[in-house]
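One structure is given below, encoded as structure tokens.
Sequence lines set the chain letters: A, B, ... in the order given, protein chains first and strands last, and positions in each chain run from 1. Everything numeric in this text was worked out from a predicted model, so none of it was measured.
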There are 2 protein chains.
Amino acid sequence: MQEQIQKILKHNQLSVTGGRTKILELFLAQDDALAHADIERKTGEKFDRVTVYRTLQTFLEKGIIHSIPTSDNSVKYALCKDNCSEGHHHDHHVHFMCSVCGKTLCIDEVSVPVVNLPEGYKVEQIQMIVTGVCKDCA
Amino acid sequence: MQEQIQKILKHNQLSVTGGRTKILELFLAQDDALAHADIERKTGEKFDRVTVYRTLQTFLEKGIIHSIPTSDNSVKYALCKDNCSEGHHHDHHVHFMCSVCGKTLCIDEVSVPVVNLPEGYKVEQIQMIVTGVCKDCA
DNA sequence: TAAAACTTGCAACTCTGTTGCAAGTTCTTG
DNA sequence: CAAGAACTTGCAACAGAGTTGCAAGTTTTA
Ligand SMILES: [Mn+2]
Ligand SMILES: [Mn+2]
Ligand SMILES: [Zn+2]
Ligand SMILES: [Zn+2]
């Protein structure tokens, strides 16, 4: 895992630091999306809030992670599977929020369907957020 | 318009007050969704921030308005066209955010498409947020 | 019209996110 | 490998969004 982490950071021209390594480790070990607060909690308050904010910001810019707008309007983050870059993601999957366990999941198997808007609208990006009960909570 | 406003408020067992009337008036006169800040600005600082928060909260609870999670993670609000109630909206339309003018619009003509998730997921609600260029900015 | 029920504004507070800066760490290059 | 350049971090201070309790004001009911 440490090797993979180094590879990801170097590939994105980022210096390998304790904070970045730890946070990337969390993402790799997690199957659901993480909120800023989850990360602060899981790092055991080992890093300053500001460092966590800046690290997430950096990872977003490099396309290492993507942000997920949740229906309750908090932000969550998840790893990008492909080689994305900021504003240029090519993993256009559906996001799922479980109303029982609260987990937010990337449903990689399902692409966001195309939708036809009325004449005159130019579509650039589509986001789909499904709420319901996940596999584990069923 | 004042009659319509009174009717809506009374129908939802809400007392008719200056703040509620004014805010509902704003929604009725507007074709795009409003953020909290828009409302504060448009009421000309005539009402306390807290009153605006509480009024939006009340309107949400009664199903007079619905909230729209935007992709930049701010919240906007728009009138419900049908008789909705909190958590029981039956106007499942697509939302559009224009990247030029910044307007957020309810596209009533387009329903959110059904999507098939993998085995085991139970779908309760689907939200679709389309980003692009609107009719007026094309 | 008076009392009951509800709404409002204010002050105080929490929570989230941002910025400038100095100290510390990582990277580069000879 | 060492020294300096480049970058990252923590801290303090701050700004903005949202919440709460409470007393004063308004609306509703009867
Ligand atoms: Mn995702
Ligand atoms: Mn809408
Ligand atoms: Zn679940
Ligand atoms: Zn536009």
Side-chain angles (χ1 to χ4, degrees), chain A residues 2-3 5-26 33-62 64-65 67-77 86 102 104, chain B residues 2-3 5-26 33-62 64-65 67-77 86 102 104:
Chain A
Q2 295 306 309
E3 262 175 48
I5 291 172
Q6 290 220 359
K7 207 180 112 199
I8 296 173
L9 292 176
K10 293 222 165 110
H11 178 256
N12 286 283
Q13 295 124 282
L14 293 176
S15 25
V16 179
T17 67
R20 287 174 181 167
T21 303
K22 181 68 198 164
I23 292 176
L24 202 39
E25 199 176 303
L26 286 180
L34 292 167
H36 175 97
D38 298 326
I39 295 167
E40 273 196 75
R41 191 158 18 74
K42 298 205 182 214
T43 51
E45 284 89 34
K46 202 166 169 302
F47 304 101
D48 193 85
R49 283 172 347 104
V50 178
T51 302
V52 176
Y53 279 115
R54 291 200 268 226
T55 303
L56 290 173
Q57 194 50 52
T58 304
F59 286 1
L60 275 180
E61 277 160 17
K62 295 294 187 176
I64 298 172
I65 58 175
S67 70
I68 308 171
T70 63
S71 61
D72 65 328
N73 250 86
S74 59
V75 203
K76 296 208 169 185
Y77 304 91
E86 189 177 30
T104 299
Chain B
Q2 296 306 310
E3 262 175 49
I5 290 172
Q6 290 220 357
K7 207 180 110 199
I8 296 172
L9 291 176
K10 294 224 165 111
H11 177 257
N12 287 283
Q13 294 123 283
L14 293 175
S15 27
V16 179
T17 67
R20 287 174 181 166
T21 303
K22 181 69 198 164
I23 291 175
L24 203 39
E25 199 176 304
L26 286 179
L34 292 167
H36 175 96
D38 298 325
I39 295 167
E40 274 197 75
R41 191 159 17 75
K42 298 205 182 217
T43 50
E45 285 89 34
K46 203 167 168 302
F47 303 101
D48 194 86
R49 284 173 346 104
V50 178
T51 302
V52 176
Y53 280 116
R54 292 200 267 226
T55 304
L56 290 173
Q57 195 48 53
T58 304
F59 286 2
L60 275 180
E61 278 161 17
K62 295 294 185 173
I64 298 172
I65 59 175
S67 70
I68 308 170
T70 62
S71 61
D72 65 329
N73 250 84
S74 59
V75 204
K76 295 208 170 185
Y77 305 90
E86 189 176 31
T104 299

For the residue pair [X] and [Y], establish whether any side-chain heavy-atom pair is separated by less than 4.5 Å.
X: Phe59(B); Y: Ile23(B); answer: yes
X: Ile65(A); Y: Leu34(A); answer: no
X: Gln6(A); Y: Lys10(A); answer: yes
X: Leu9(B); Y: Ile5(B); answer: yes

Counting primed atoms plus P, OP1 and OP2 as sugar-phosphate and everything else as base, spell out the protein contacts along nucleotides 15-30 of chain C at 4.0 Å heavy-atom distance: B, S or - for each nucleotide, 5' to 3'. -BBBBB-----SS---
Nearest whole Å is fine: how far is [N] [atom2] from [X] [atom1]?
X: Arg20(B); N: dC6(C); atom1: CZ; atom2: C1'; value: 8 Å
X: Arg41(B); N: dA17(D); atom1: CZ; atom2: P; value: 11 Å
X: Lys46(A); N: dT8(D); atom1: NZ; atom2: P; value: 18 Å
X: Asn12(B); N: dT7(C); atom1: CG; atom2: P; value: 12 Å
X: Gln13(A); N: dT8(D); atom1: CD; atom2: P; value: 11 Å
X: Leu9(B); N: dT7(C); atom1: CG; atom2: P; value: 10 Å
X: Leu24(B); N: dT7(C); atom1: CG; atom2: C1'; value: 16 Å
X: Asp48(A); N: dA12(D); atom1: CG; atom2: P; value: 10 Å

Identify, with sequence neighbours excluded, every residue that meets salt bridge (Lys or Arg N to Asp or Glu O under 4.0 Å) alongside Arg41(B).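 Arg41(B) satisfies salt bridge (Lys or Arg N to Asp or Glu O under 4.0 Å) with Asp38(B) once adjacent residues are dropped.
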Are Thr51(B) and dG9(C) close enough that a side-chain N or O sits under 4.0 Å from OP1 or OP2?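 Yes, Thr51(B) has a side-chain N/O under 4.0 Å of OP1/OP2 on dG9(C).
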Report, as yes or no, whether the 6.0 Å neighbourhood of atom CD on Gln2(A) holds more than 12 heavy atoms from other residues, nucleotides or ligands.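 More than 12 heavy atoms, drawn from other residues, nucleotides or ligands, come within 6.0 Å of this atom.
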